[in-house]
Amino acid sequence: MGFSESKGAGGVTVVQVDGQLIIGNRQELKDLVQAALDRGERRLLVDFSRTGYIDSSGLGALVSISKRIREAGGELRLSGLNDDLRSLFELTKLDTLFAITETPEQALASF
Amino acid sequence: MTSPLRLCVRRSAAPDPEGTATLVTLRLPSDVSCIEEAVELVTRHCLAGHVATETIRFRLRVVLSEALSNAIVRGNREDRTKWVEVRAELVPESIRVQVTDEGPGFDPSAIPEPLRPEQLDEAQGRGLFLIRKLVDAVQFNEQGNSICMILRRS
């Protein structure tokens, strides 16, 4: 379980969520995104292709980093949500707040 | 490192008079770093011996994580001297999971739905809402420090 960071096409910062995004590790994601913003990165993708589940604290962390990125003049995309993960965003209407694509490749092409 | 979690599983060959074939109990300290392991343990025992869809497995993991998080953070205020008890009663048709903390309790009817447009930007307030949406029934005890979630297996 954890997060891995890489560079995608066009210099986009890609964060892969391996395992769970929950109350116990959400701060790690927030710190990772803040560090990227501090380095001047402004285009970020969080990919959930290898994610088991997300709890409401994890959703809240995504809302927080979305705000920070927006305030810094950047853009955030989410990708790789399976049907169960996507249902969490739909139930909470967070699918209206985030730019979500099916695959990371589609997300990278959309910046 | 020894896990601080205390798991007990009691199985009976046939449902007892109360209809409980298997009882799983888990006791964990008020430490959010224990939640993931607790969720995996309880989920594994709740689904053992049953055909479960990925959606049932997913929902069980999410609601367990939510209930444990609420119990540890809001109920026990992350006081390491306080414990959270999980009690899962398993029958062929359903899973009944009760999560109890040592806090003073809360009024679940006072928690607003987090769907108003002005609330979408809030980082908190979705836990109980998600539980209600993902399980078939939710009950609280009178004190409000114990939640019971019922999930049908199909």
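Proteins get letters first, then strands, A, B, ... in listed order; numbering begins at 1 in each.
Within residues 107-120 of chain B, the residues having any heavy atom less than 4.5 Å from a heavy atom of chain A are, in residue-number order, B/L115, B/L120. Within residues 47-65 of chain A, the residues having any heavy atom less than 4.5 Å from a heavy atom of chain B are, in residue-number order, A/G52, A/Y53, A/I54, A/D55, A/S56, A/S57, A/L59, A/G60, A/V63, A/S64. Contacts between residues 103-111 of chain A and chain B, defined by a heavy-atom separation under 4.5 Å, are made by no residue at all. At a heavy-atom separation below 4.5 angstrom, chain A is approached by no residue within residues 143-151 of chain B.
If you chain together hydrophobic residues whose side chains sit under 4.5 Å apart, B/L90 and B/L41 fall into the same group. Hydrophobic clustering (ILVMFWY, side-chain heavy atoms < 4.5 Å, transitive): A/V12 and A/L81 are in distinct clusters. There is a path of hydrophobic side-chain contacts, each under 4.5 Å, that joins B/L128 to A/L94. Note on A/L85: it clusters hydrophobically with A/L78, by side-chain heavy-atom contacts below 4.5 Å among ILVMFWY residues. In the hydrophobic clustering of this structure, B/V39 does not group with B/W83; members are Ile, Leu, Val, Met, Phe, Trp, Tyr whose side-chain heavy atoms approach within less than 4.5 Å, directly or through other members.
With a threshold of 4.5 angstrom between heavy atoms, B/I72 does not approach chain A through any atom at all. At a 4.5 Å heavy-atom cutoff, the contact between B/V73 and chain A is made by side-chain atoms alone. With a 4.5 angstrom heavy-atom cutoff, B/S33 does not touch chain A via any of its atoms. Looking at A/S66, there are no atoms closer than 4.5 Å to chain B (heavy atoms on both sides), in backbone or side chain. When heavy atoms are compared at a cutoff of 4.5 Å, A/L97 approaches chain B solely by way of its side chain, counted from C-beta outward. Of the atoms belonging to A/K67, it is side-chain heavy atoms, and not backbone ones, that fall under 4.5 Å from chain B.
The 12-atom threshold is exceeded at CG of A/D38, counting heavy atoms of other residues, nucleotides or ligands nearer than 6.0 Å. More than 12 heavy atoms of other shown residues, nucleotides or ligands fall within 6.0 angstrom of atom CZ in A/R42. Enclosure of atom NZ in A/K93 is not indicated, since only 12 or fewer non-hydrogen atoms of other residues, nucleotides or ligands lie within 6.0 angstrom. In the displayed structure, B/R77 atom CZ is contacted under 6.0 Å by at most 12 heavy atoms of other residues, nucleotides or ligands.
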Next on the checklist: Would A/E90 and B/K133 count as a side chain to side chain contact (heavy atoms under 4.5 Å, CB included) here? Give the steps.
Outcome noted: CA-CA 11 Å; A/E90 290 169 351; B/K133 290 291 182 185; over 6 Å; no

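Counting all heavy atoms, side chain and backbone alike, B/F58 lies closest to A/L88 at CZ-CD1, 3.6 Å.
Salt bridge annotation for A/D84-B/R61: absent, with no cationic side-chain nitrogen under 4.0 angstrom from a carboxylate oxygen.
Taking CD1 of A/I22 as the start and CD of B/E66 as the end, the distance is 10.0 Å to the nearest 0.5 Å. For the atom pair B/D121 CG and A/R70 CZ, the distance stands at 5.0 Å (nearest 0.5 Å).
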